[in-house]
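Letters A, B, ... are given to chains in the order of the sequence lines, protein chains preceding strands, and every chain is numbered from 1. Values in this document were obtained by computation on a predicted structure and should not be read as measured data.
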There are 2 protein chains.
Amino acid sequence: MSEEKKFFKSAFSVDPVIFGFDQGDLKVLLIKRGVQPFKDQWALPGDLVYPNEDLDSAAGRVLGELTGLKDVYLEQVHTFGKVGRHPLGRVITIAYYSLIKIDNFEFTPASLASHVEWHDISTIKELAFDHMPILKTCFDKLKWKIRSYPVGFELLPKKFTLTELQKVYEAILEKELDKRNFRKKLLSTKLLTDLNESQKGVSHRPAKLYSFDTAKYEQLQSQGYNFEI
Amino acid sequence: MSEEKKFFKSAFSVDPVIFGFDQGDLKVLLIKRGVQPFKDQWALPGDLVYPNEDLDSAAGRVLGELTGLKDVYLEQVHTFGKVGRHPLGRVITIAYYSLIKIDNFEFTPASLASHVEWHDISTIKELAFDHMPILKTCFDKLKWKIRSYPVGFELLPKKFTLTELQKVYEAILEKELDKRNFRKKLLSTKLLTDLNESQKGVSHRPAKLYSFDTAKYEQLQSQGYNFEI
DNA sequence: TCAAAAGTGTTCTTATTACACCCATGG
DNA sequence: CCATGGGTGTAATAAGAACACTTTTGA
């Protein structure tokens, strides 16, 4: 046991990559660091995990403190643990990504205190620590995920139009999709509920609103159904 | 900094799930624990990560100590960190899976010392710690991986027959595949080199031997090619 | 009446599935 | 000459890709 003491001198953190969607662009929530190391640089909003705290809970806590949101989509991606990646000691970090509905987002006191901002993912060129590769890994995972699971909806309000949904896919996959094929595919899943409502106040033909039928998806999934785009 | 001291009291381990393939069955390398906790129970061959050791290196080291092999296929899968998952303190573990060619496998002194055995994956019902869910998570990842990347070859000798390869896929995917369609698909990738050699000493028509063209795969992949089964 | 985005089907091409018989070898 | 696994092709079906015009609304 005393032999093992030397091992118990490490810490670990969680680093959630928080994705949002607005105006046709995929956004990432970053904080501007107020303290050393990497003072005044943009970083992912990570935190150390408490000794009595589960990893997923820690990621959820960081997310809640920052956004005021509970019960959002959160998924572990990869653990980064290079020796020397953190100036304070041996700290490995477990990366998560989260999908949130930006319109629900409220700045909490904690997030007002420091600088917290949405950044268009395509404009992020430099981050503190090893946060650039973490961001890339999480984005790649999201790219894969959205083709096999219906997670795109997590970025949209409950009621959305098909064009909005298509723009989510286009922003994440970084390529344009054919409107007719996209609609055909999505509607053929039978997982979109036509709400018989329309957009209001747009100066063009108003689009129909849909919602995603989570219950039906879960029921189909339990029977072996796979959502594929 | 003293405030942060309380965080630096944790340890982390790596737990590689080592897959092998023999006689048509997918195998996992397990050790029988010689010490408490979980003495005399089967477990994944994990170890604590040294303070000055990278995570991937640690997983490679454990693998090398146990099997005598270097440079084998190794991939990080997921990090398990529930409070209380380890009796000695806060220990989170980073799970890896590895694919090795069983015919290269040699017991090293380290592995002779303790009990080390290949177990047919379908027969494993109970493991020490939280190693059952770790095993399941790694197996699920391998199932996914083999459909999108040519990793099945890692489990076979350099020269193999198409039937052997098919059996690898069937063992991992846990379902039977059509012989003609499987061969058509694999040969259409143009990534198998026909060695113009045949099996020797089998009491039936001898099968042709193939090898996987890694260089060609990497070249195609860099041009955006996706291997899909 | 104009601008802007919504909505809608068909054809062509490609990939997937299902399926049965002859072949080469060792015993 | 028998038992064993190796090796091969085609037809039917399903999925994916390409493509252009009409509709509805607010200004």
Side-chain angles (χ1 to χ4, degrees), chain A residues 21-25 144 146-148 150 156-157 159-171 173-211 220 224-229, chain B residues 21-25 146-148 150 156-157 159-171 173 175-211 220 224-229:
Chain A
F21 181 77
D22 191 35
Q23 310 286 331
D25 292 313
W144 167 74
I146 201 172
R147 284 188 293 119
S148 308
L156 292 174
K159 303 176 179 187
F160 52 84
T161 71
L162 288 176
T163 299
E164 285 166 350
L165 185 59
Q166 184 178 340
K167 294 236 176 288
V168 166
Y169 277 82
E170 289 178 338
L173 297 174
E174 296 184 293
K175 67 176 180 194
E176 299 200 345
L177 301 174
D178 180 90
K179 181 162 65 160
R180 280 180 286 194
N181 292 339
F182 181 81
R183 285 161 184 248
K184 204 187 313 168
K185 189 78 189 258
L186 264 291
L187 293 173
S188 75
T189 65
K190 308 276 187 192
L191 290 169
L192 297 187
T193 308
D194 181 344
L195 297 170
N196 295 311
E197 292 179 58
S198 296
Q199 282 181 310
K200 293 273 190 283
V202 289
S203 79
H204 55 76
R205 178 172 174 176
K208 296 172 81 173
L209 294 172
Y210 293 85
S211 66
L220 282 172
Y225 168 79
N226 270 331
F227 183 93
E228 284 290 337
I229 290 297
Chain B
F21 182 75
D22 191 35
Q23 309 287 328
D25 292 312
I146 200 173
R147 283 188 294 120
S148 307
L156 292 175
K159 303 176 177 187
F160 52 84
T161 71
L162 289 176
T163 300
E164 285 167 350
L165 185 59
Q166 184 178 340
K167 294 239 177 282
V168 166
Y169 277 81
E170 290 179 336
L173 297 174
K175 69 176 180 195
E176 299 200 343
L177 301 173
D178 180 273
K179 182 163 65 162
R180 279 181 286 194
N181 292 339
F182 181 80
R183 284 162 185 249
K184 202 189 313 169
K185 190 76 191 259
L186 265 292
L187 292 173
S188 76
T189 66
K190 308 274 188 191
L191 290 169
L192 297 187
T193 309
D194 182 344
L195 297 170
N196 295 309
E197 291 178 59
S198 297
Q199 281 181 313
K200 293 273 189 285
V202 289
S203 77
H204 54 76
R205 177 172 175 178
K208 296 172 82 172
L209 294 172
Y210 292 85
S211 66
L220 283 172
Y225 167 79
N226 271 331
F227 182 94
E228 284 289 338
I229 291 297

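- Along DNA chain C, the nucleotide nearest to Asn181(A) and the one nearest to Lys185(B) differ in position, and the one closer to the 5' end is contacted by Asn181(A).
- Nearest-nucleotide positions on DNA chain C place Leu187(A) closer to the 5' end than the other of Leu187(A) and Asp178(B).
- Atom C1' of nucleotide dA5(C) and atom CZ of Phe182(A) are separated by 16 Å, given to the nearest angstrom.
- Counting to the nearest Å, the P atom of dA15(C) and the CD atom of Glu228(A) are 17 Å from each other.
- Results of the side-chain contact (heavy atoms from CB on, under 4.5 Å) test with Tyr210(B) over Leu191(B), Leu156(B), Leu187(B), Thr161(B) single out Leu187(B) as the only residue that passes.
- Two residues are said to be in side-chain contact when any heavy atoms from C-beta on lie closer than 4.5 Å; Ile146(A) and Ile229(A) fail this criterion.
- The residue Lys184(B) sits close to a base: some heavy atom pair falls under 4.0 Å.
- Side-chain atoms of Arg180(A) and base atoms of dA20(D) include a donor and an acceptor less than 3.5 Å apart.
- If you take CD of Gln166(B) and P of dG5(D), they are 14 Å apart, rounded to a whole angstrom.
- With rounding to whole Å, Lys208(B) atom NZ is found 16 Å from dC23(C) atom P.
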CA sep, side-chain torsions, deciding dist, call: Gln166(A), Leu186(A), side chain to side chain contact (heavy atoms under 4.5 Å, CB included):
CA-CA 10 Å; Gln166(A) 184 178 340; Leu186(A) 264 291; over 6 Å; no
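- dA5(C) atom C1' lies 9 Å from atom CZ of Arg183(A), rounded to whole Å.
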Evaluation steps, side chain to side chain contact (heavy atoms under 4.5 Å, CB included), between Phe21(B) and Lys167(B):
CA-CA 9 Å; Phe21(B) 182 75; Lys167(B) 294 239 177 282; 3.7 Å; yes
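- Dashed line: the shortest gap from a side-chain N or O of Arg205(A) to OP1 or OP2 of dG7(C) is not under 4.0 Å.
- You'll find a donor-acceptor pair under 3.5 Å spanning the side chain of Lys179(B) and the base of dG7(D), going by distance alone.
- Gln23(B) CD: 12 or fewer foreign heavy atoms inside a 6.0 Å radius.
- Residue contacts for Thr161(B): at a heavy-atom cut-off of 4.0 Å it reaches no nucleic acid atom on any strand shown.
- One atom, CG of Leu209(A), and another, C1' of dG7(C), lie 14 Å apart when rounded to the nearest Å.
- Residues Phe182(A) and Leu165(A) form a side-chain contact, since some pair of their non-hydrogen atoms from C-beta on lies under 4.5 Å apart.
- Summary of helix geometry: the two end axes of the helix from dT1(C)-dA27(D) to dG27(C)-dC1(D), each defined by five base pairs via their C1' atoms, are inclined to each other by 0° (rounded to 10°).
- Residue Ser211(A) forms a side-chain contact (heavy atoms from CB on, under 4.5 Å) with just one option from Leu195(A), Asp194(A), Leu192(A), and that option is Leu195(A).
- Atom CD of Glu176(A) and atom P of dA5(C) are 14 Å apart (whole Å).
- Atom CG of Leu177(A) is separated from atom P of dA17(D) by 10 Å (rounded to the nearest Å).
- Regarding contacts with the backbone of dG6(D), a side-chain N or O of Thr163(B) is found under 4.0 angstrom from either OP1 or OP2.
- Distance from the side chain of His204(B) is smallest to dA24(C) among dG26(D), dG9(C), dA24(C).
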